[in-house]
Amino acid sequence: MSKIKLPSTLEGKTILVAGAAGFVPGHLCEFYLGLGAKIIGLDNFITGSRSTVELLSKNKNFEFHECNIFERLPDFSKNKIDFIFSLASPASPIDFDQIPVEIMRVNSEGTLKLLEVARAKGARFLEASTSEVYGDPEIHPQVETYQGNVNPIGPRSCYDESKRFAEAMTMSFHRHYKVDTRIVRIFNTYGPRMRPNDGRVIPNFITQALKNQDITVYGDGQQTRSFCYVSDLVQAIHNVMFCDDPTPFNVGNPDEYTVKQAAETIIKYLGAKSKIAYRPIMQDDPRKRRPDLTKLQKISDYRPKVTFEEGIKRTAEHFKGLK
Ligand code: UDP
């Protein structure tokens with residue numbers, strides 16, 4: 001497979017970003033504003049942050065609409081749209097507990113509405129799917145051809161199954177209507193502007209370590225995750241958007257840690273006096289997770305650049321600055 005050619009500028013292009021006030025999409029918008037694109041951002045602030053939108057709005061090429069994409073999209077009849085990023089889903093296990101129906105609706109009805117815009121405008125569409133489509137994986141590391149081990153009625157199923165549905169609908173629009181589509185499966189990602197109370201492991205451990213509080217490790221801490229710093233993730237998503245393969249790509253960082261190792265490492269990097277405290281694990285917590293990036297590396301020279309140490313320190317600086 002030939003390597004992709006990335007554009008040096010996107011001046012004159014318009015990009016629709018669903019979920020623009022979210023953590024990953026906010027960084028993605030900054031990246032594309034840096035390439036000169038015009039961005040139309042959408043968010044309902046159910047988990048997104050108004051301060052991210054304020055920050056992005058400093059750039060005159062950023063336009064924002066507050067809306068629930070699964071109910072109604074703004075009128076785009078007069079807009080030219082070249083690219084669409086479907087990034088609107090809440091993605092933390094806490095969200096799965098608190099807003100499961102909104103998650104299912106945004107990934108089904110919301111994705112459908114965005115695909116209809118892509119079809120009408122002739123825009124290229126990217127679905128931000130997730131490593132959760134693999135469920136509790138029986139093969140390791142996870143390759144894109146693995147079809148997963150998902151509990152369809154478990155507490156994570158609102159996210160896992162609706163993202164599987166979103167992938168299926170994306171491929172249906174591609175096959176049936178010839179819409180130009182891409183799919184990325186995002187693995188664990190962290191970085192500045194995550195919600196400190198988001199419930200996920202890295203913000204929890206950093207906020208606990210900064211206060212020298214106990215670090216809450218769920219279960220025995222032997223489950224693994226592979227953590228990607230957000231700028232590396234944005235680069236990987238960009239590479240996939242500009243390749244010509246509609247089938248799914250894993251995106252992330254393959255450096256794998258047990259959760260206990262992650263806790264010990266964060267304590268060390270931040271010089272904290274915290275101790276580890278074990279807490280009950282949630283149902284269906286995947287035991288292992290690491291992306292196989294062979295497919296992504298065949299189309300691009302992608303290598304994550306930010307080390308775990310650097311990423312943790314940058315994220316901790318951001319949390320320290322929050323009041
Ligand atoms: N986890 C933990 N302590 C916390 C938060 C999470 O031990 O305070 C564990 C959780 O059980 C899981 C892993 O860290 O095994 C990653 O959890 P996260 O919520 O970040 O995302 P997931 O990858 O499970 O979607």
Side-chain angles (χ1 to χ4, degrees), residues 22-24 47 87 89-100 103-104 107 128-137 140-142 148-151 154-164 184-230 233 250-267 270 272 274-291 308 311-312 315-316 319:
F23 158 57
V24 169
T47 55
L87 281 157
S89 181
S92 168
I94 282 193
D95 304 325
F96 308 162
D97 183 47
Q98 293 173 353
I99 45 172
I103 291 173
M104 297 210 72
N107 289 322
S129 182
T130 167
S131 55
E132 285 283 328
V133 299
Y134 301 123
D136 186 13
H140 193 72
Q142 291 77 57
N149 176 34
V150 172
N151 175 356
R156 303 173 85 98
S157 66
C158 58
Y159 187 54
D160 303 11
E161 295 291 16
S162 65
K163 278 297 184 193
R164 289 170 70 96
V184 290
R185 293 180 177 154
I186 299 177
F187 282 66
N188 293 68
T189 301
Y190 70 100
R193 303 212 297 267
M194 278 186 110
R195 295 171 288 171
N197 58 351
D198 156 296
R200 278 181 283 193
V201 65
I202 300 288
N204 273 10
F205 287 3
I206 292 180
T207 47
Q208 289 161 347
L210 288 176
K211 294 182 197 151
N212 292 310
Q213 291 172 344
D214 284 352
I215 305 278
T216 54
V217 167
Y218 301 161
D220 61 6
Q222 292 308 305
Q223 68 273 34
T224 72
R225 294 295 187 272
S226 307
F227 300 106
C228 187
Y229 188 72
V230 65
L233 184 87
N250 290 335
V251 286
N253 182 326
D255 284 349
E256 186 179 3
Y257 291 79
T258 66
V259 166
K260 181 164 177 273
Q261 278 169 345
E264 290 163 349
T265 309
I266 288 172
I267 291 173
L270 300 184
S274 304
K275 301 267 176 300
I276 291 178
Y278 292 91
R279 300 274 183 271
I281 196 156
M282 287 189 240
Q283 187 194 333
D284 294 341
D285 195 310
R287 280 162 295 178
K288 278 184 180 302
R289 190 182 285 156
R290 171 154 62 103
F308 195 49
I312 290 299
T315 310
F319 287 156

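Read the numbers this way: they start at 1 and go in the same order the structure lists the ligands and their atoms.
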Is there a side-chain contact between C228 and T189 (heavy atoms, below 4.5 Å)?
yes
Parallel, tilted or perpendicular: which one describes the rings of Y159 and F96, with boundaries at 30° and 60°?
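Aromatic pair Y159/F96 classed parallel.
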What class does the angle between the rings of Y190 and Y229 fall in, given that below 30° is parallel, 30 to 60° is tilted and above 60° is perpendicular?
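Ring orientation of Y190 relative to Y229: perpendicular.
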Counting distance only, does the side-chain N/O of [X] pair as donor-acceptor with the main-chain N or O of [Y] below 3.5 Å?
| X | Y | answer |
| --- | --- | --- |
| S92 | I94 | yes |
| T258 | T224 | no |
| Q223 | Y218 | yes |
| K163 | A128 | yes |

Which residue in the set D160, D136, D284 passes side chain to side chain donor-acceptor pair (under 3.5 Å) when paired with N151?
D284
Close N or O approach ([X], ligand 1; < 3.5 Å):
| X | answer |
| --- | --- |
| V201 | yes |
| Q208 | no |
| Q223 | yes |

With a cutoff of 4.0 Å, is G199 in contact with ligand 1, counting heavy atoms of the residue only?
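Yes.
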Within-shell test, R279 vs ligand 1, heavy atom, strictly < 4.0 Å:
no
Quick test: of every protein heavy atom, which one is nearest to [atom], and how far off is it to 0.1 Å?
| atom | answer |
| --- | --- |
| atom 1 (N) of ligand 1 | Y218 CD1, 3.4 Å |
| atom 3 (N) of ligand 1 | T216 O, 2.6 Å |
| atom 13 (C) of ligand 1 | V259 CG2, 3.8 Å |
| atom 16 (C) of ligand 1 | R225 NE, 3.6 Å |

Kindly give the heavy-atom pair with the smallest separation between S274 and A209, and that separation in Å.
OG-CA, 3.6 Å
Interfacing atoms of ligand 1 (cut-off 4.0 Å, heavy-atom, [X]):
| X | value |
| --- | --- |
| D285 | 10 (C), 11 (O), 12 (C), 15 (O) |
| R156 | 22 (P), 24 (O), 25 (O) |
| N188 | 21 (O), 22 (P), 23 (O) |
| E132 | 25 (O) |
| R289 | 22 (P), 23 (O), 25 (O) |
| P93 | 19 (O), 25 (O) |
| V217 | 7 (O) |
| N204 | 4 (C), 5 (C), 8 (O) |

Please evaluate residues Y257 and N188 with respect to the criterion side-chain hydrogen bond (donor to acceptor under 3.5 Å, both in side chains), reporting the C-alpha separation (whole Å), side-chain torsions for both, the decisive distance (0.1 Å), and the verdict.
CA-CA 11 Å; Y257 291 79; N188 293 68; over 6 Å; no
Under-4.0 Å salt bridge between R225 and D285
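Yes, R225 and D285 are salt-bridged.
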